[in-house]
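Chain naming here is simple, since letters A, B, ... match the order of the sequence lines and numbering starts at 1 in each. Just so we're clear, the structure is a prediction, and the values are computed from it rather than from any experiment.
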Amino acid sequence: MMTNGMDTLPQQNGSIHTNSTSSSSNSHNSSSQAGGNQEESKTNLIVNYLPQTMTQEEIRSLFSSIGDVESCKLIRDKVTEVLFVGQSLGYGFVNYHRPEDAEKAINTLNGLRLQNKTIKVSFARPSSEAIKGANLYVSGLPKNMAQQDLENLFSPYGRIITSRILCDNITVLFSVRQFVGGAGDNIPCLSKGVGFIRFDQRIEAERAIQELNGTIPKGSTEPITVKFANNPSNNNKAIPPLAAYLAPQAARRFGGPIHHPTGRFRYIPLSPLSSTGKTMLAINKGLQRYSPLAGDILANSMMPGNAMNGSGWCIFVYNLAPETEENVLWQLFGPFGAVQSVKVIRDLQTNKCKGFGFVTMTNYDEAVVAIQSLNGYTLGNRVLQVSFKTNKSKAS
DNA sequence: CGACGGGACGC
DNA sequence: CGACGGGACGC
């Protein structure tokens, strides 16, 4: 199932198609590939649409749940790096030791929802000048043109990496709700008549401009405009307020003036699992940081082994099935905020889950909402129990 | 009914 | 007219 706004993964290796039995054999003929393609790595992934707050270590943690990671790099803005740690550019690279792990990561992590994002995981192309600046901005599209129609129009000119048709704001909000709700595939969307097409190669994009700019699509009356998209690095985006760099979480926690760093609408973490009303209640509770309840939790949590664990809040998840894997915990908790790490506790002999696990989240408020929302949630045929970690143990 | 890890700063 | 949810190749 493809999620709203996510493109089907184009086959990364143009000549290979889906029903090739997943190749665990190492005998791929990379050197004899025709077409002058650079050899594509079978272990190196590009990860796009990462949540703004996700750190390189959190990314490594997430991808290590699949297999041994050789290297991991989050791309950050070099300009802001002068003052602080550079702002995340929302994408990064993960290189595995083993090709089969890379493939598994694509299968299990592509489309994973984390906070307000749906990450995309695909093979990285070999870096080269030829693939840069291949993003096109298209306007004047007929309102009834769908993403697939757009791709059909442009596909004769090259390999499409991504495509997108912009929607009316109202429907965007709507689709985000559905999207977080997990039932959001194929949301009808009022097209704004503009979109983006990213080609693999810049030459392909240039040719599409030459061939399609000013032409009238079949069934339309208006010519379309096709040009290179603005480069995000030299656009005139408003400079985020300094406070966003200094204390991005404080602004949210205290409910002050909302300034999304990128100046768009504010994302409210709607629970995938409960009604909006219940979630808002949970958010409000979470905001009362100095209530007696919160005070107890805070004090109690400072004890060794308890919920407050260095830079994050450790959450105990009970009643997991024996086959549970880490990605389940990422999927459950990711939508509620910054998740630093997850751990499924397994029996050393059988390697089956012992029925519980831990999730560490960065922000108290988000942890509270996650607990409120997920405690009592039925996963499969099991009712989960979710709470802050205590210091219970066999030894004590 | 069942129920809170593990690796480890490092002097 | 229009610029995304989301700065796609190592910032």
Side-chain angles (χ1 to χ4, degrees), chain A residues 3-6 41 44-52 71-82 86-95 113 115-120 122-141 161-169 172-173 175-176 179-180 191-196 198-200 225 227 229-237 260 262 264-265 267 305-307 309-310 314-320 341 343-346 348 354-358 360 382 385-396:
Chain A
T3 323
N4 175 42
M6 285 298 298
S41 168
N44 197 24
L45 303 177
I46 185 167
V47 187
N48 288 292
Y49 314 129
L50 291 163
Q52 186 58 235
S71 64
C72 171
K73 175 147 192 189
L74 171 63
I75 307 304
R76 293 181 176 278
D77 187 345
K78 199 172 63 176
V79 179
T80 57
E81 192 131 29
V82 181
Q87 194 183 15
S88 166
L89 294 189
Y91 71 97
F93 297 88
V94 174
N95 194 24
R113 297 198 305 265
Q115 297 173 243
N116 56 339
K117 302 290 175 63
T118 298
I119 66 170
K120 179 175 179 181
S122 52
F123 284 112
R125 293 171 283 162
S127 189
S128 78
E129 285 302 310
I131 67 175
K132 293 180 181 173
N135 198 22
L136 295 180
Y137 174 77
V138 189
S139 57
L141 296 169
I161 301 299
T162 57
S163 69
R164 180 171 182 79
I165 289 181
L166 303 194
C167 295
D168 182 273
N169 263 337
V172 167
L173 264 179
S175 65
V176 168
F179 182 60
V180 172
S191 168
K192 289 168 85 170
V194 306
F196 294 89
R198 181 183 301 279
F199 277 105
D200 181 38
T225 301
K227 57 187 183 182
N230 288 345
N231 189 336
S233 63
N234 60 357
N235 64 7
N236 47 7
K237 187 177 295 179
H260 190 280
T262 51
R264 301 201 183 89
F265 68 89
Y267 171 72
N306 283 14
N309 166 11
C314 191
I315 297 167
F316 175 64
V317 188
Y318 179 70
N319 209 17
L320 298 170
S341 63
K343 177 88 177 173
V344 172
I345 305 305
R346 295 184 171 83
L348 291 174
K354 292 163 77 171
F356 63 95
F358 298 94
T360 302
R382 296 162 169 270
Q385 293 175 46
V386 182
S387 62
F388 281 112
K389 175 179 166 25
T390 69
N391 62 356
K392 289 179 194 168
S393 73
K394 276 185 261 184
S396 71

From [atom1] of [X] over to [atom2] of [N], roughly how many Å is that when rounded to an integer?
X	N	atom1	atom2	answer
N319(A)	dG2(B)	CG	P	12 Å
K343(A)	dA3(B)	NZ	P	20 Å
Q115(A)	dG5(C)	CD	P	17 Å
E129(A)	dC11(C)	CD	P	13 Å
D77(A)	dG7(C)	CG	P	11 Å
R125(A)	dC9(C)	CZ	P	7 Å
I165(A)	dA3(C)	CD1	C1'	14 Å
I345(A)	dG7(B)	CD1	C1'	12 Å

For [N], glycosidic torsion class - syn if within 90° of 0, otherwise anti:
N	answer
dG7(C)	syn
dC9(C)	anti
dC11(C)	syn

Closest nucleotide among [options] to the [X] side chain:
X	options	value
K227(A)	dA3(C), dC4(B), dC9(C)	dA3(C)
Q52(A)	dG7(C), dG5(C), dC4(C)	dG7(C)
F316(A)	dA3(C), dA8(C), dA3(B)	dA3(B)
Y318(A)	dA8(C), dC4(C), dG2(B)	dG2(B)
N230(A)	dC4(B), dA8(C), dA3(C)	dA3(C)
F196(A)	dC4(C), dG2(C), dG7(C)	dC4(C)
F93(A)	dC4(C), dG10(C), dG5(B)	dG10(C)
I75(A)	dA3(C), dA8(C), dC11(C)	dC11(C)
N48(A)	dA8(C), dG7(C), dA3(C)	dA8(C)

Under 4.0 Å: is that the gap between some side-chain N or O of [X] and OP1 or OP2 of [N]?
X	N	result
K132(A)	dG10(C)	yes
S127(A)	dG10(C)	yes
R164(A)	dG5(C)	yes
K73(A)	dC11(C)	yes

For [X], answer base if it contacts any base atom (sugar-phosphate contacts may also be present), sugar-phosphate if it contacts only those atoms, and nothing otherwise; contact means non-hydrogen atoms under 4.0 Å.
X	result
A229(A)	base
G140(A)	base
T225(A)	nothing

Reported [atom1]-to-[atom2] distance for the pair [X] and [Y], which is rounded to 0.5 angstrom:
X	Y	atom1	atom2	value
R346(A)	L320(A)	CZ	CG	10.0 Å
Y91(A)	L74(A)	OH	CG	9.5 Å
R198(A)	I161(A)	CZ	CD1	8.5 Å
I315(A)	T360(A)	CD1	OG1	7.5 Å

### Task
Evaluate whether the aromatic ring of F358(A) and the six-membered ring of the dG5(B) base sit under 5.5 Å apart, centre to centre, with an inclination under 30°.
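The base of dG5(B) is stacked with F358(A) (centres under 5.5 Å, planes under 30°).
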- prompt: Are the ring of Y137(A) and the six-membered base ring of dA3(C) within the stacking cut-offs of under 5.5 Å and under 30°?
  reply: yes
- Query: Is a side-chain donor or acceptor of R125(A) paired with a backbone partner of D200(A) at a separation under 3.5 angstrom?
  - Reply: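 A pair under 3.5 Å: yes.
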message = Taking side-chain hydrogen bond (donor to acceptor under 3.5 Å, both in side chains) as the definition, give me every residue that meets it alongside S41(A), ordered by chain and number, with sequence neighbours left out.
response =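 For S41(A), the residues satisfying side-chain hydrogen bond (donor to acceptor under 3.5 Å, both in side chains) (neighbours in sequence not counted) are T43(A).
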Q. Donor-acceptor pair under 3.5 Å: do we get one between N44(A)'s side chain and the base of dG10(C)?
A.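 Yes, a donor-acceptor pair under 3.5 Å.
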Margin query: I want to confirm an ordering. Mapping V94(A) and S88(A) to their closest nucleotides on DNA chain C, which one lands closer to the 5' end?
Written below: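 Per heavy-atom nearest nucleotide, the more 5' residue is S88(A).
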>> Quick check on the 6.0 Å ring-centre criterion: do F316(A) and F388(A) meet it?
In response: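 Centroid distance F316(A)-F388(A): not below 6.0 Å, so no.
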### Query
How far, in whole Å, is dG5(C) from dC1(C) if one measures between their C1' atoms?
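After rounding to an integer number of Å, I get 22 Å for this pair.
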